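Here the structure comes first, spelled out in structure tokens, and everything after it is commentary.
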Amino acid sequence: MHTVRIQDRPFSYGTESDSFAAAAGPAGAVVTFLGRVRDDGGRLSVMEIEHYPGMTERAVTAILDEAVTRWDLTAGLVIHRHGRIAPGEAIMMVATAARHRAEAFAAAEFLMDYLKSRAPFWKKEFGPDGAEWVAARDADEQALDRW
Amino acid sequence: MHTVRIQDRPFSYGTESDSFAAAAGPAGAVVTFLGRVRDDGGRLSVMEIEHYPGMTERAVTAILDEAVTRWDLTAGLVIHRHGRIAPGEAIMMVATAARHRAEAFAAAEFLMDYLKSRAPFWKKEFGPDGAEWVAARDADEQALDRW
Amino acid sequence: MIDVLYFAWVRERIGLPKERITTSAVTVADLVAELVAREERYAAAFADTRAVRVALDQELADFSSPIAGVREVAFFPPMTGG
Amino acid sequence: MIDVLYFAWVRERIGLPKERITTSAVTVADLVAELVAREERYAAAFADTRAVRVALDQELADFSSPIAGVREVAFFPPMTGG
């Protein structure tokens with residue numbers, strides 16, 4: 001059960017988490033991560049996420065396959081939205097299931113680190129002061145070194 | 001929003017995850033962990049979890065308070081069951097919400113490591129070959145050293 | 001008068017979850033020595049004290065901890081929650 | 001004939017998401033040099049190539065990579081997903 005979904009429509013964290021856990025079989029440990037648009041005290045009115053159709057699915061699938069193999073996951077899930085997303089709304093989630101918690105946690109963090117810097121998504125923030133592309137952080141690139 | 005629930009009744013991972021995320025306010029990152037009884041190929045018919053009423057709530061609350069302070073969480077949740085639990089069923093979950101993912105992940109792993117070795121729960125496994133108390137693993141005790 | 005609680009296999013070996021006792025023990029170790037001297041089932045439970053943890057008034061403590069003023073002592077194996 | 005795609009601020013600076021061009025470039029760097037020589041908007045997009053990433057047929061590549069046989073080249077800023 002390795003699933004990648006790139007979509008513009010919203011998703012329900014709870015519903016997806018439950019479906020994932022149910023489909024993950026007898027795994028003892030399930031980790032889910034939810035990334036949301038922060039409000040930042042009204043500085044942000046909406047976020048727009050551009051992506052590279054075709055490459056996105058391919059890149060995310062490759063990252064998920066790598067995680068599944070490295071940590072022997074019984075299941076893995078990535079959902080990532082594109083398009084316009086309001087503050088407080090979900091941007092993306094990952095879920096991992098493994099026999100033990102250490103593997104499930106490591107795989108989820110690996111997925112997040114790679115999705116941040118190796119999946120072709122670009123965030124643009126729209127606020128009262130205009131629009132700006134989110135800059136990649138050095139820390140995000142450096143986070144890959146630990147894997 | 002720091003919540004500790006020690007209960008014998010089942011809980012819904014999805015429903016709890018959604019409620020947690022909704023109550024966590026503008027946090028960008030939410031991590032949830034679900035611990036379940038593994039099936040182990042029929043070796044286990046049921047698990048029974050004993051706990052120390054009074055001390056359990058106190059110990060788990062202290063662990064959660066520590067995590068909230070250390071990683072500046074906007075919300076934290078621990079639900080842990082006791083009593084009889086069937087294979088595949090949820091034993092416990094933790095949830096953390098923070099501004100950035102690194103804090104949410106670290107706090108969730110910290111919670112798990114401390115709950116494993118410092119919260120007064122004891123697991124007993126019942127199978128076709130009889131009943132046995134689960135032994136504490138050295139690795140679980142050593143896991144605390146990293147914090 | 002002090003309440004002494006037992007959990008998991010410590011409880012099973014001693015055969016009861018809780019008892020109220022009168023003791024002149026100064027430390028947890030003294031209390032354990034008193035119990036062990038009582039009956040074989042206590043000796044069995046405390047045969048290897050490295051495998052037994054203690055809490056005083058619901059806070060983890062050591063076998064060298066004093067028990068003056070303590071109302072509740074609990075003995076149990078290493079915890080296995082999560 | 002090769003499809004060239006642009007994303008995020010690279011797309012905005014060049015002013016279009018995609019174009020089909022004929023090139024004699026051997027490497028990605030050669031292709032960028034050809035584009036930069038064309039018009040100011042390309043020069044603006046590729047002013048700092050350390051800030052631009054490239055994919056060949058939807059796989060990340062380097063500016064030194066050869067483009068022989070490639071059907072689709074994409075240029076974009078460092079990715080910011082997740």
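Below, chain A is the first sequence line, B the second, and so on; all start at residue 1. Here the structure is a predicted model, which is why all the values come from computation and not from measurement. All heavy atoms count here, side chains included; hydrogens, waters and symmetry mates do not.
Ranking Ile91(B), Val31(B), Thr32(B) against chain A, the residue ahead of the rest is Thr32(B), based on heavy-atom pairs under 4.5 Å.
Chain B is approached within less than 4.5 Å, heavy atom to heavy atom, by no residue from residues 50-67 of chain A. Among residues 94-123 of chain A, the residues having any heavy atom closer than 4.5 Å to a heavy atom of chain B are, in sequence order, Arg99(A), His100(A), Arg101(A), Phe105(A), Ala108(A), Glu109(A), Met112(A), Asp113(A), Lys116(A). Of all residues in residues 2-21 of chain A, those placing a non-hydrogen atom less than 4.5 angstrom from a non-hydrogen atom of chain B are Ser12(A), Tyr13(A), Gly14(A), Thr15(A), Ser17(A), Asp18(A), Ala21(A).
The environment of CG in Asp138(B) is sparse: at most 12 heavy-atom neighbours from other residues, nucleotides or ligands sit within 6.0 Å.
With sequence neighbours left out, the salt bridge (charged side-chain N to carboxylate O under 4.0 Å, His left out) criterion links Glu132(A) to no other residue.
Contacts of Ala90(B) with chain A are absent, with no heavy-atom separation under 4.5 Å from either backbone or side chain.
Of all the heavy atoms in Arg36(B) and Ala24(A), the pair that sits closest is NH2-CB, 3.9 Å.
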